[in-house]
Asks: 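Quick one: structure below, then a few questions.
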Protein chains: 2
Amino acid sequence: MVRLDLNIDRTSPVPLYHQVAQGIESAIHSGALAPGSRLENEIDLAARFSLSRPTMRKAMDELVRSGLVVRKRGVGTQVVASQVRRNLELSSLFDDLQHSGKRPTTEVLSVAHIDADDVTREALQLPQGARVYQISRVRSMDGKPLALMENLVRDDIVDLDEESLSERGLYEILRAAGVNFRLANQRIGAVTANEQQARLLKTTVGAALVTMERTAVDDQGRSVETGRHVYRADAYSFEMTLVQR
Amino acid sequence: MVRLDLNIDRTSPVPLYHQVAQGIESAIHSGALAPGSRLENEIDLAARFSLSRPTMRKAMDELVRSGLVVRKRGVGTQVVASQVRRNLELSSLFDDLQHSGKRPTTEVLSVAHIDADDVTREALQLPQGARVYQISRVRSMDGKPLALMENLVRDDIVDLDEESLSERGLYEILRAAGVNFRLANQRIGAVTANEQQARLLKTTVGAALVTMERTAVDDQGRSVETGRHVYRADAYSFEMTLVQR
DNA sequence: CAGTGGTCTAGACCACTGC
DNA sequence: CAGTGGTCTAGACCACTGC
């Protein structure tokens, strides 16, 4: 059982529960809290940091949901054996790669302002006659093509053109236009590369590709964007930590 | 704005916040709360159901995390436009298929009690010299092979043999042996079928397969099981709802 | 400025676990 | 039986939004 030490700043705008969760997370990643070790009980922890128990619990909940600790009633809280943990987050491939320190580049193949077909209208919950942006892009890393992306975006939020899309990720542009993404429904599967895909991804016809279809919803409940992406399976996979509900 | 009516049973062992969340979920699925509609504010709702505000909030949090509603400070809570929602849960393919009303069958190809290799020892956090069960199975539905599963299970929890595994899912057996799964780290990718895979899955060499590698952790922090599964891409994909943290 | 969700406190009672 | 996490109450103050 390790005695935990945390710095908590009550003047910070960062919520106390989040500061605590981050502090414990750091202690786990630094090794101060070893895999398998037990944490003090939440009542003592709350008292030691001069926090109310609900606030301490909220911090623990955050750690449970991120998969760093497991709790058992009547027993206690344990640090999970370390492993590469990677939550599947509501972000884009562009964000993913940037955060990992890589330098993604994007080639915009086409941007069109078109009538939405039935499937798109259904996915984006748009009325008959609505128009959308249709975007095709290739994303590369270190000059090697990684993903082929086709997106359909509602046209009543921001104007899209080739120039801005080649500089910034689609999600970055939408966020800058005031869109706060809240959730996404997605499906991951596999296909083999057809001739066009093979050419654009510089691989061979028949190569394994990971497919991802996603529709993203913002804080106003609007379906903002839907897309189908294919990734070279030898260069990308989806990692996630699932937590029991 | 819809006036919500819920039945709450204070004598039930089901937590109040969960009863409320379920009640609202039912109202959404039944259409009583239409997609896009606004909910009453949480303080009024709490008062109307004679609940404290924290309890009401906990119910709302549950709905947010399941992707049914979105909230915005200063504005309110909205029902998300309906869509097929399917959380990626901590369950097995066997559970998935059973819950969907299908009849999965399992053919056990082999069960062996072997010395764990380095990769397995690393994944399951086992000491040098540890032994594990190695299981190979084919899962089919309506007689059509769907998935090829190789699992490695620590051997200090329950004895595994061909007979029990052909009757019950691995997870079912482990749960019955007292294992409470809490989280899993998994990676989803794609490959093309090799000769052996093609034969067992009754498909062709070169067909697209979805791959899933998973390590599952229980409430004692033990890595109980690690496995690599491949699925026929024309028969299975992973659907999930991601919620912004 | 009124209305909304977000954070936080200081408790109470309970269910479950392992000895 | 002692120790732990799970649920619940009844408030307070605040930040943000849209008019």
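Below, chain A is the first sequence line, B the second, and so on; all start at residue 1. The figures that follow rest on heavy atoms only: side chains count, while hydrogens, waters and symmetry mates do not.
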Asks: Starting from C1' on D/dG5, measure out to CD on A/Q78 and report it in whole angstrom.
Replies: 14 Å
Asks: Going by salt bridge (charged side-chain N to carboxylate O under 4.0 Å, His left out), name the residues that satisfy it together with A/K72, two or more places apart in sequence or in a different chain.
Replies: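 In terms of salt bridge (charged side-chain N to carboxylate O under 4.0 Å, His left out), with neighbours along the sequence ignored, A/K72 is linked to B/D219.
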Asks: For C/dG5, does OP1 or OP2 lie under 4.0 Å from any side-chain N or O of B/T77?
Replies: yes
Asks: Taking atom types as modelled and ignoring hydrogens, do the side chains of B/Y133 and B/N151 form a donor-acceptor contact shorter than 3.5 angstrom?
Replies: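 Judged by distance alone, the side chains do not pair up.
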Asks: Whole-Å distance between D/dT9 C1' and B/F49 CZ?
Replies: 18 Å
Asks: Rounding to an integer number of Å, can you tell me how far A/R57 CZ sits from C/dC8 P?
Replies: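 Distance, rounded to whole Å: 16 Å.
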Asks: List every contact pair, protein side and nucleotides 12-19 of chain D side both N or O, where the distance is under 3.5 Å.
Replies:
| unit_1 | atom_1 | unit_2 | atom_2 | d |
| --- | --- | --- | --- | --- |
| D/dA12 | N6 | B/R53 | NH1 | 3.4 |
| D/dA15 | O4' | B/R73 | NH1 | 3.0 |

Asks: Whole-Å distance between C/dA10 P and A/E42 CD?
Replies: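 Checked: the CD to P distance equals 16 Å.
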Asks: For B/D44, enumerate each residue passing the salt bridge (charged side-chain N to carboxylate O under 4.0 Å, His left out) test, keeping only those at least two apart in sequence or located in another chain.
Replies: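 With neighbours one apart ignored, the set is empty.
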Asks: Please list, by residue number, the residues of residues 7-20 of chain A whose heavy atoms come closer than 4.0 Å to an atom of DNA chain C; answer none if no residue qualifies.
Replies: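 Hits under 4.0 Å, by residue number: A/R10, A/P15, A/L16, A/Y17.
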Asks: Would you find more than 12 non-hydrogen atoms of other residues, nucleotides or ligands less than 6.0 Å from B/E122 atom CD?
Replies: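 Atom CD in B/E122 is not crowded, with 12 or fewer foreign heavy atoms closer than 6.0 Å.
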Asks: In this structure, how many angstroms lie between the C1' atom of D/dT4 and the CE atom of A/M56, rounded?
Replies: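 A/M56 atom CE is separated from D/dT4 atom C1' by 14 Å.
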Asks: Under the rule for side-chain contact (heavy atoms from CB on, under 4.5 Å), what residues qualify as partners of A/E163, not counting sequence neighbours?
Replies: A/D161, A/E167
Asks: Please list every stem that involves DNA chain C, where a stem is a run of 3 or more consecutive Watson-Crick or G-U wobble pairs with both pairing distances under 3.5 Å.
Replies: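 Only these stems qualify: C:1-18 with D:1-18.
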Asks: In whole Å, what is the span from the CD atom of B/E40 to the P atom of C/dG3?
Replies: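 About 15 Å, once rounded to whole Å.
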Asks: Using heavy atoms to find the nearest nucleotide of DNA chain C for A/S52 and B/D44 separately, return the residue whose nucleotide is more 5′.
Replies: B/D44
Asks: Identify, with sequence neighbours excluded, every residue that meets side-chain contact (heavy atoms from CB on, under 4.5 Å) alongside B/S237.
Replies: A/R187
Asks: For the pair made of CZ in B/R38 and C1' in C/dG5, what is the distance, rounded to whole Å?
Replies: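 Interatomic distance, CZ of B/R38 to C1' of C/dG5: 11 Å.
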Asks: Got a sec, which residues hit salt bridge (charged side-chain N to carboxylate O under 4.0 Å, His left out) with A/E25, two or more places apart in sequence or on another chain?
Replies: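 Checked A/E25 against salt bridge (charged side-chain N to carboxylate O under 4.0 Å, His left out); zero matches.
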Asks: Report the residues that fulfil salt bridge (charged side-chain N to carboxylate O under 4.0 Å, His left out) with A/D5, sequence neighbours left out, ordered by chain and then residue number.
Replies: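 Listed in chain order: nothing, the list is empty.
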Asks: Can you name the side chain to side chain donor-acceptor pair (under 3.5 Å) partners of B/N7, sequence neighbours left out?
Replies: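 Per chain and number, B/N7 pairs via side chain to side chain donor-acceptor pair (under 3.5 Å) with no residue.
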Asks: Choose from C/dG11, C/dC8, C/dG6 the nucleotide whose nearest atom is closest to any side-chain atom of A/P54.
Replies: C/dG11
Asks: Tell me, please, which residues at least two apart from B/R131 pass side chain to side chain donor-acceptor pair (under 3.5 Å).
Replies: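 B/R131: side chain to side chain donor-acceptor pair (under 3.5 Å) contacts with B/D115.
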Asks: Can you check whether A/V179's main-chain N or O pairs, donor with acceptor, with A/R222's side chain at less than 3.5 Å?
Replies: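 Such a contact is absent between A/R222 side chain and A/V179 backbone.
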Asks: Got a sec, which residues hit side-chain contact (heavy atoms from CB on, under 4.5 Å) with B/S52, two or more places apart in sequence or on another chain?
Replies: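 B/S52 satisfies side-chain contact (heavy atoms from CB on, under 4.5 Å) with B/P54, B/T55 only.
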Asks: Quick one: is A/R71 getting a side-chain N or O under 4.0 Å of the D/dT4 phosphate, OP1 or OP2?
Replies: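 No, outside the criterion.
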Asks: Tell me whether the OP1 or OP2 atom of D/dT7 has a side-chain N or O from B/K58 closer than 4.0 Å.
Replies: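 The answer is yes; a side-chain N or O of B/K58 sits under 4.0 Å from OP1 or OP2.
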Asks: Taking only the side-chain heavy atoms of B/T55 (C-beta and beyond), determine which of D/dG5, D/dC8, D/dT4 contains the nearest atom.
Replies: D/dC8
Asks: To the nearest Å, give me how far apart CD (A/E62) and C1' (C/dT7) are.
Replies: 13 Å
